[in-house]
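Notes for the one structure printed next.
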Amino acid sequence: MLSPNLPIDKDRYIDFIAADDTYAKINYPYLFRLKNTQTSSKLNLENIKNTLKESLDLKSLEINNLITEKNPSKLT
């Protein structure tokens with residue numbers, strides 16, 4: 001079920017109990033709060049694309065690290 005009225009000022013996340021019985025939480029990337037991290041201060045499509053890619057790559061790395069950390073095969 002989808003809600004047509006999601007507040008855009010709240011941080012959205014997914015949380016769950018991992019295979020090792022610990023709490024895990026993943027915050028969704030908040031794309032409207034991205035800051036231009038490029039060396040050039042100009043706001044253009046290429047800089048926005050690079051900033052977005054950096055942000056999503058970092059989030060992907062965070063999720064992959066969480067998967068590795070909570071991997072059930074690590075349970076003894």
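This is a predicted model, so every value here is computed, not measured.
- The two residues N27 and K25 come nearest to each other via the heavy atoms OD1-CE, 3.4 Å.
- Scored by the side-chain hydrogen bond (donor to acceptor under 3.5 Å, both in side chains) test, D15 finds Y23 as partners (sequence neighbours excluded).
- Residues satisfying the side-chain hydrogen bond (donor to acceptor under 3.5 Å, both in side chains) test with N64, not counting sequence neighbours, are none.
- The two residues Y28 and Y13 come nearest to each other via the heavy atoms CD1-N, 3.5 Å.
- Annotation: I17, atom CD1; neighbour count of heavy atoms from other residues, nucleotides and ligands within 6.0 Å is above 12.
- You'll find the side chain of T22 reaches within 4.5 Å of the side chain of K70, heavy atoms only.
- K53 is linked by a salt bridge (charged side-chain N to carboxylate O under 4.0 Å, His left out) to D57, counting only residues two or more places apart in sequence or in another chain.
- Separating the CD atom in E62 from the CD1 atom in I67 is a distance of 11.0 Å, to the nearest 0.5 Å.
- Under the 3.5 Å distance criterion, the side-chain polar atoms of K59 are left unmatched by any main-chain donor or acceptor of E54.
- Contact of the I63 side chain with the I26 side chain is registered, since non-hydrogen atoms from C-beta on lie closer than 4.5 Å.
- The distance from the CG atom of L66 to the CG atom of N71 is 11.0 Å, given to the nearest 0.5 Å.
- In this structure, the side chain of S55 does not engage the main chain of T51 through any donor-acceptor pair within 3.5 Å.
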